[in-house]
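Numbered from 1 within each chain, the chains take letters A, B, ... in sequence-line order.
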Amino acid sequence: MNSKVRTRFAPSPTGHLHIGNARTAIINWIFAGHSGGSFVLRIEDTDVERSTPESEASILEDLRWLGLDWDEGPEKGGAFGPYRQSERSDLYLDHLEMLTQKDLAYPCYCLPEELEARRKAMLGKGDTTQYDKRCRDLTAAQIRKFVGEGRRPAFRFRADAEAVSFGDLVRGDIVFPGEQIGDFVIMKSDGTPMYNFACVVDDHLMGISHVIRGDDHISNTPRQILLYQALGWEPPVLAHIPMILGPDREKLSKRHGVTSVDQYRTLGYLPDALVNFLSLLSWSSESGEDILSRERLIREFDFNRISKSASIFNVEKLDWMNGMYIRQMEVRELARHLFPFLHQAGYPVRTAEEVEPMAVIFRAGMERLSDAVEKFRIFFAEFPVPESVEAAEVMQQEASRSIYKSFLSQMDGVRDLDRDAFQEIMKNIQQETGLKGKALWAPVRIALTGRVHGPDLPGVAEILGPEKCRKFAARALGA
RNA sequence: GUCCCCAUCGUCUAGAGGCCUAGGACUCAGGAUUUUCAUUCCUGCAACCGGGGUUCGAAUCCCCGUGGGGACGCCA
């Protein structure tokens, strides 16, 4: 008996990586790390209609961006491949054969339209909508007739259990009445396997020890348990984690707006913050702390600390957390993260290095990386434009004009304008004009940045440099 | 409709019978620091869905309601 922990994340490539799936991936990744096991990535592309290579590529990219590296899977290989279900057809066919041999699966010639009509009728009567088993025991003649009509069969599992129960790591024992489970399709008429079937075959063959997935899969589980039993296999340990809901308390979906990982990346969220935040939905550290490094997440993870109830995605807390990560990050690294946003905004930045000083003075007020576009504008504008009536008014005041004159004369001949030099100049202006505090600083800030508020002014002036400072002050006087 | 799951501040949560006049975090309000804003720090507002049990004692255990969610596909 191999006791090594193996978890898996099995997305279907039918769109971008969704925030809810990302959370599932995170827990799987964390638990594998926690147990010293392996994290397997498997692509469930059995839906020929909706699966696309582009989606697969984007999901892989998002996973990598989140830092959820997989030990086995596409582009990585491994001893249990292939890792795309579309490349494992033979396996499903073989196991279907095993089931039909044992008469646990049978061909069903019903057409989708026929099934749909019957399902509607059942729903109208208020019954459980499940297959009426009419193809269960077809005679050879009946089969010939269907084949003659050109029908290709799907295969259904013969579900006769009285009840199905299974243990769940977060919920304990769950029991489903057998009559609730109809004869479900395991192989489509086009020869591709259905989710429940492929999932069971692959999880077993890939040696998956723990299946950790969203609790919307709970009602699938009894069907899968039946398949494990039919195939003579031991089911893996199951853990159904609560779902993430939108603000309206419904399953998070596209109509809730921003729900995919790539959108959060574009908006300026850090992967560390997103991973930390998502891991805290339905899970909490024993210490009660919120800011947790990946190392701590991995070390402190415990299924006993996963709550059973669904949680609502609360962007405000993510914003706060992202700000915390921005503030605690090394400046060099922050600048590297900021660079693409500034570059894309059209600012003439050449290297991440030249962004560092700006990052230093503005980081305290940032929640998202993209905030830098707006905040850093003052460093790239040809001239600062007063951004409010208040600013414009202050600039016109007589007291401000005397400050600007004094500032200009103080700046005469200044070549290096570091913080201390600027501080010195301000002190001199204070003596010259008799103005101090806000009355002194606000006009200067407005002249240099066009704004009433902003970070520490000496720092701003240092980055602007003496040339611009002179130019802007003169402009303020002339305006 | 049927089945399954869930239920503590607005939100994320702590709580595994007495440590609970229910703790923390986000948000919000007020204050301190500061040339402004922000950061940081301090203070405050704010919750055990309802009803029955069990028990000396229940947010915690049981039952029934109610509410919410999920599933019921030749989707995953």
Checklist entry - So, are A/E149 and A/R151 salt-bridged, with charged N and O less than 4.0 Å apart? => result yes

Next on the checklist: Could you tell me the Watson-Crick or G-U partner of B/C61, where both distances fall under 3.5 Å? Say none if there is no partner.
Outcome noted: B/G53

Checklist entry - Could you give the CE-to-P distance, from A/M395 to B/U36, as a whole number of Å? => result 20 Å

Checklist entry - Could you state the CD-P distance from A/E179 to B/C4, rounded to the nearest angstrom? => result 9 Å

Checklist entry - Would you say B/G15 has OP1 or OP2 under 4.0 Å from some side-chain N or O of A/R305? => result yes

Checklist entry - At under 4.0 Å between heavy atoms, what does A/K251 touch on the DNA or RNA strands: base, sugar-phosphate, or nothing? => result sugar-phosphate

Item to check | Salt-bridge criterion met for A/R42 and A/D203 (N-O under 4.0 Å) | outcome: yes

Item to check | Of the listed nucleotides B/A76, B/C4, B/A71, the one nearest the side chain of A/S219 | outcome: B/A71

Item to check | Euclidean distance, atom CD1 of residue A/I312 to atom P of B/U8 [Å, nearest integer] | outcome: 10 Å

Item to check | Spacing of the P atoms in B/A22 and B/C48 (rounded, Å) | outcome: 11 Å

Item to check | Selected nucleotide, minimal atom distance to A/A364 side chain, candidates B/A38, B/A71, B/C75 | outcome: B/A38

Checklist entry - When we call it a touch if two heavy atoms are under 4.0 Å apart, what does A/V444 touch: a base, just sugar-phosphate, or nothing? => result nothing

Next on the checklist: For B/C6, does the base pair up with any side-chain atom of A/S309 as donor and acceptor (N or O, under 3.5 Å, distance only)?
Outcome noted: no

Next on the checklist: Considering every strand and a 4.0 Å limit on heavy-atom distances, what is the contact class for A/P107: base, sugar-phosphate, or nothing?
Outcome noted: nothing

Checklist entry - With sugar-phosphate meaning primed atoms plus P, OP1 and OP2, does A/N304 contact a base, only sugar-phosphate, or nothing at under 4.0 Å between heavy atoms? => result nothing

Next on the checklist: Counting the atoms with a prime plus P, OP1 and OP2 as sugar-phosphate, which does A/L115 contact under 4.0 Å by heavy atoms, base, sugar-phosphate, or nothing?
Outcome noted: base

Item to check | N/O donor-acceptor pair under 3.5 Å between A/N322 side chain and A/E367 backbone | outcome: yes

Checklist entry - Taking 4.0 angstrom as the limit, do A/R158 and A/D137 come out as a salt bridge? => result yes

Checklist entry - Which nucleotide in the list B/A14, B/C6, B/U35 gets nearest to the side chain of A/R171? => result B/C6

Item to check | Under-4.0 Å side-chain N/O to phosphate OP1/OP2 contact, A/K438 with B/U34 | outcome: no

Checklist entry - Closest to the A/S311 side chain: B/U39, B/C3, B/C12? => result B/C12

Next on the checklist: At less than 4.0 Å, is any side-chain N or O atom of A/R363 found next to OP1 or OP2 of B/U39? Yes or no.
Outcome noted: no

Next on the checklist: If I pick the P atom on B/C49 and the same atom on B/C42, what distance separates them, to the nearest angstrom?
Outcome noted: 30 Å

Checklist entry - What is the distance, rounded to the nearest whole Å, between atom CG of A/L440 and atom C1' of B/U34? => result 15 Å

Checklist outcome for this item: Closest to the side chain of A/K308, out of B/C6, B/U2, B/A76, is B/C6

Next on the checklist: Students often get this wrong, so: under 4.0 angstrom with heavy atoms, is A/P455 touching a base, only sugar-phosphate, or nothing?
Outcome noted: base

Item to check | Nucleotide B/G70, atom P - distance to CG of A/L252 in whole Å | outcome: 11 Å

Checklist entry - Thinking salt bridges, do A/D160 and A/R136 make one under a 4.0 Å N-O criterion? => result yes

Checklist entry - To the nearest angstrom, how far is A/R445 atom CZ from B/U35 atom P? => result 11 Å

Item to check | Side chain of A/Q180 - closest among B/U35, B/U36, B/C3 | outcome: B/C3

Item to check | Base-pairing assignment for B/U2 (Watson-Crick or G-U wobble, both under 3.5 Å) | outcome: B/A71

Next on the checklist: Is it the case that the side chain of A/R152 and the backbone of A/S189 share a donor-acceptor pair, with hydrogens and angles ignored and the cut-off at 3.5 Å?
Outcome noted: yes

Next on the checklist: In whole Å, measure the gap between the C1' atoms of B/G18 and B/G57 for me.
Outcome noted: 7 Å

Checklist outcome for this item: Closest to the side chain of A/S282, out of B/U13, B/C74, B/C5, is B/U13

Next on the checklist: What contact category does A/C110 fall into here, base, sugar-phosphate, or nothing, at under 4.0 angstrom with non-hydrogen atoms?
Outcome noted: base

Item to check | Pairing partner of B/A7 (Watson-Crick or G-U wobble, both distances under 3.5 Å) | outcome: B/U66

Next on the checklist: Work out how far the P atom of B/C28 is from that of B/A38, and round it to whole angstrom.
Outcome noted: 11 Å

Checklist entry - Side-chain N or O of A/K188 less than 4.0 angstrom from OP1 or OP2 on B/A76? => result yes

Item to check | A/D456 and A/R419 ion-paired at < 4.0 Å | outcome: yes

Checklist entry - In whole Å, what separates the P atom of B/G69 from that of B/G31? => result 41 Å

Next on the checklist: So for A/N196 and B/A76, does any side-chain atom that can act as donor or acceptor lie under 3.5 Å from a complementary atom in the base?
Outcome noted: no

Next on the checklist: Taking the minimum atom-to-atom distance to the side chain of A/E250, which one of B/G70, B/U2, B/A71 wins?
Outcome noted: B/G70

Next on the checklist: I'd like to know if A/K188 and A/D190 make a salt bridge, using a cut-off of under 4.0 Å between side-chain N and carboxylate O.
Outcome noted: no

Checklist entry - Using atom P of each nucleotide, how far apart are B/C45 and B/G24 to the nearest Å? => result 11 Å

Checklist entry - Parallel, tilted or perpendicular: which describes the rings of A/F422 and A/F407, with under 30° parallel and over 60° perpendicular? => result perpendicular

Checklist outcome for this item: When both distances are under 3.5 Å in a Watson-Crick or G-U wobble arrangement, the nucleotide paired with B/A16 is none

Next on the checklist: Taking the minimum atom-to-atom distance to the side chain of A/S284, which one of B/A14, B/C4, B/U36 wins?
Outcome noted: B/A14

Next on the checklist: Work out how far the C1' atom of B/U55 is from that of B/U40, and round it to whole angstrom.
Outcome noted: 49 Å

Item to check | Residues A/E390 and A/R445 bridged, charged N to O under 4.0 Å | outcome: no

Next on the checklist: So A/N220, base contact, sugar-phosphate only, or nothing? Heavy-atom distance under 4.0 Å.
Outcome noted: base

Item to check | Watson-Crick or G-U wobble mate for B/U39, both contacts under 3.5 Å | outcome: none

Item to check | Atom pair distance, as rounded to whole Å: CZ in A/F407 and C1' in B/U35 | outcome: 14 Å

Checklist outcome for this item: Comparing A/D290 with A/A154, nearest RNA chain B nucleotide closer to 5' gives the residue A/D290

Item to check | Phosphate OP1/OP2 of B/C6: any A/S307 side-chain N/O under 4.0 Å | outcome: no

Checklist entry - With respect to the phosphate group of B/U36, does any side-chain polar atom (N or O) of A/R451 fall under 4.0 Å of OP1 or OP2? => result no

Checklist entry - Just checking A/T46: base, sugar-phosphate only, or nothing, at a heavy-atom cut-off of under 4.0 Å? => result sugar-phosphate

Next on the checklist: Under 4.0 Å, counting only non-hydrogen atoms across every strand here, what does A/H217 touch: a base, just sugar-phosphate, or nothing?
Outcome noted: base

Item to check | P gap between B/G15 and B/C74, integer Å | outcome: 42 Å

Checklist entry - Does the ring of A/W320 meet both stacking tests against the six-membered base ring of B/C26: centre distance under 5.5 Å and plane angle under 30°? => result no

Next on the checklist: Can you identify which nucleotide, out of B/G15, B/C75, B/G70, has its nearest atom closest to the A/M194 side chain?
Outcome noted: B/C75

Next on the checklist: Whole angstroms only, please: what is the CZ-P distance between A/R151 and B/C74?
Outcome noted: 15 Å

